[in-house]
Student: 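Sharing a structure here in C-alpha cells format.
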Amino acid sequence: MLPGRGRDGRADGLARILGTRTAWTPVGDGEFFCPGCGGDRNYQRLTGRRRFCLLGLPVLPRGAGAPVVECAACRRHFGTDVLDHPTTTRFSAMLRDAVHTVALAVLSAGGSCARASLDTAAEAVRAAGLTDCTREQLAVLVDALAADTGRVYGEPCGGAGLAIELHEALDPLAPHLAPVGRESILLQGARIALADGPYTPAEREVLATVGAALTLPADEVDRLLTAARTPS
C-alpha cells in the first residue's frame with residue numbers, strides 16, 4: 001500500500017479539504033494561575049466564532065465557540081472556570097489574612113491575652129507570611145478590637161461582627177485548601193487557645209466558628225481540638 005493511500009491517509013486528506021476552524025477574538029486579559037505551567041502567568045480571554053472550511057477557506061458560519069482562557073506563556077487554552085483559582089500571590093495573601101484573623105479572634109476570646117498566647121499567635125502569623133508580626137502588635141490590635149466594639153475579653157467570638165470577619169477571611173480560602181491545610185489552620189488556633197491553659201467556653205465557640213468556616217464537620221472539629229490538647 002502506497003503511503004497516504006490507506007484509511008488514515010484518506011482521513012488526513014479529507015481533513016485538509018473539509019473541516020471546522022475557530023477564529024478567536026481577545027476580550028480581556030489579566031493574571032491567573034496556569035495549570036499547564038504550574039505558576040502565575042498572564043492570560044487573554046478569548047471568544048470564538050466557528051466556521052466550516054473548504055480547502056482551508058471559511059465558507060459557512062457554525063456558531064459561537066465556548067470562551068476560553070489562553071496562557072501567554074504556554075499558549076494552551078483552558079475553560080474560563082480556571083480563573084476561579086487564585087494566583088499564587090493572591091492565595092498567599094488569603095492564607096496570611098486568614099491566620100491573622102483566626103489569631104485575633106482566639107486572643108480576643110481568651111480572657112487575659114497572656115504572653116504565652118501572644119507569643120504562640122505571633123509565631124503562627126509570622127509563619128503565614130507576616131514576618132514582622134510581634135506579640136506587642138497583636139496585643140494592641142486585640143485592645144483596639146475590644147475598644148471598637150465595647151466588648152470585654154472572654155466574650156464568645158467577639159459577637160456577630162468577629163464571626164462575620166472569620167467567615168469573610170475563611171470562606172473564600174477553604175475551597176482551595178486540601179483537608180490537611182484546613183485542619184492546620186484550626187490547629188493553629190487551638191494551640192493559641194491552649195498556650196495559657198485549657199480552652200474557655202468562648203475559645204471553643206471561636207474555634208467551632210473557624211471549623212465551620214473551613215467546612216470541617218463538627219465531629220472532626222471536636223477530634224482536632226481534643227488532639228491539640230494531647231502532648232506530642
Side-chain angles (χ1 to χ4, degrees), residues 30-36 38-40 69 78-111 117 120-130 133 138 141-142 145 149 151 154-195 198-230 232:
E31 188 179 48
F32 81 132
F33 181 86
C34 176
D40 295 348
V69 171
F78 306 95
T80 54
D81 58 346
V82 75
L83 299 180
D84 295 336
H85 193 290
T87 63
T88 302
T89 301
R90 175 60 182 152
F91 179 80
S92 297
M94 291 167 66
L95 182 60
R96 182 178 66 239
D97 292 346
V99 172
H100 190 247
T101 302
V102 169
L104 287 177
V106 175
L107 290 171
S108 295
S117 297
T120 304
E123 182 180 350
V125 174
R126 285 194 296 269
L130 283 174
C133 179
L138 292 176
L141 288 172
V142 172
L145 283 171
T149 60
R151 68 181 185 274
E155 284 188 348
C157 208
L162 197 48
I164 291 172
E165 289 183 26
L166 283 169
H167 278 281
E168 287 178 345
L170 297 172
D171 287 354
L173 178 65
H176 306 293
L177 286 172
V180 66
R182 287 180 273 133
E183 293 175 2
S184 176
I185 292 177
L186 179 65
L187 287 171
Q188 286 174 338
R191 294 186 189 105
I192 295 170
L194 292 169
Y199 300 119
T200 66
E203 287 171 338
R204 273 195 165 275
E205 184 167 338
V206 167
L207 294 169
T209 301
V210 171
L214 291 169
T215 67
L216 293 170
D219 58 345
E220 182 68 5
V221 171
D222 290 339
R223 183 189 69 79
L224 291 168
L225 296 187
T226 299
R229 292 187 304 186
T230 304
S232 56

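Note that this is a predicted model, so its numbers are computed, not measured.
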Student: Please identify each residue that fulfils salt bridge (Lys or Arg N to Asp or Glu O under 4.0 Å) with Glu31, with sequence neighbours left out.
Tutor: none
Student: When rounded to the nearest 0.5 angstrom, what distance separates CG in Leu170 from CG in Leu95?
Tutor: 10.0 Å
Student: Just wondering, do Arg229 and Thr226 contact through their side chains at under 4.5 Å, heavy atoms?
Tutor: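 Thr226 vs Arg229: side chains touch.
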Student: Report the distance from atom OG1 of Thr209 to atom NE2 of His167, rounding to the nearest 0.5 Å.
Tutor: 6.0 Å
Student: Starting from the C-alpha separation in whole Å, work towards a yes-or-no answer on side chain to side chain contact (heavy atoms under 4.5 Å, CB included) for Gln188 and Val99.
Tutor: CA-CA 8 Å; Gln188 286 174 338; Val99 172; 3.6 Å; yes
Student: Answer yes or no: is there a donor N or O on one side and an acceptor on the other, between the side chain of Ser184 and the main chain of Val180, under 3.5 Å?
Tutor: no
Student: For residues Ala109 and Thr200, report the shortest heavy-atom separation together with the two atoms involved.
Tutor: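 Scanning both residues, the minimum pair turns out to be O-OG1, 3.8 Å.
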Student: Can you check side chain to side chain contact (heavy atoms under 4.5 Å, CB included) on Leu177 and Phe91, steps first, answer last?
Tutor: CA-CA 10 Å; Leu177 286 172; Phe91 179 80; 3.6 Å; yes
Student: After noting the C-alpha distance and the side-chain angles of Arg126 and Glu123, does the key distance pass the salt bridge (Lys or Arg N to Asp or Glu O under 4.0 Å) rule?
Tutor: CA-CA 5 Å; Arg126 285 194 296 269; Glu123 182 180 350; 5.7 Å; no
Student: Could you state the interatomic distance from CG (Asp171) to CD1 (Ile164), rounded to the nearest 0.5 Å?
Tutor: 11.0 Å
Student: Roughly how far, to the nearest 0.5 Å, is CZ of Arg96 from OG1 of Thr101?
Tutor: 11.0 Å
Student: Evaluate the criterion side chain to side chain contact (heavy atoms under 4.5 Å, CB included) for residue pair His100 and Leu141; output intermediate values, then yes/no.
Tutor: CA-CA 11 Å; His100 190 247; Leu141 288 172; 3.7 Å; yes
Student: Taking all non-hydrogen atoms of both residues into account, name the closest pair between Ala98 and Leu173 and its distance.
Tutor: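 Ala98 and Leu173 have their closest heavy atoms at CB-CD2, 3.6 Å.
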Student: Would you call Glu203 and Ile192 a side-chain contact if the rule is heavy atoms closer than 4.5 Å?
Tutor: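 They are not in side-chain contact.
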Student: How long is the straight-line distance from CZ of Arg182 back to OG1 of Thr215, given to the nearest 0.5 Å?
Tutor: 4.0 Å
Student: Applying ring pair (Phe, Tyr, Trp, His ring centres under 6.0 Å), can you list everything that pairs with His85, at least two apart in sequence or on another chain?
Tutor: Phe33, His176
Student: Considering all heavy atoms of both residues, which atom of Val210 and which atom of Leu166 are nearest to each other, and what is their separation?
Tutor: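 In terms of heavy atoms, the two residues are closest at CG2-CD2, 4.0 Å.
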Student: Donor-acceptor pair, Tyr199 side chain versus Leu207 backbone, under 3.5 Å?
Tutor: no
Student: Give a yes or no on whether the backbone of Thr87 and the side-chain of Asp40 come within a donor-acceptor separation of less than 3.5 Å.
Tutor: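 Here the side-chain-to-backbone pair does not exist.
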Student: Which pair of heavy atoms, one from Leu216 and one from Leu224, lies closest together, and at what distance?
Tutor: CD1-CD1, 4.3 Å
Student: Restricting to non-hydrogen atoms, name the atom on Leu186 and the atom on Gly211 that form the minimum distance, rounded to 0.1 Å.
Tutor: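 Answer, listing the atom of Leu186 first, then Gly211: CD1-N, 4.1 Å.
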Student: Tell me every residue that passes ring pair (Phe, Tyr, Trp, His ring centres under 6.0 Å) with Phe32, counting only those two or more places apart in sequence or in another chain.
Tutor: Tyr43
Student: Minimum heavy-atom separation for Ser108 to Val142, with atom names?
Tutor: OG-CG1, 3.9 Å
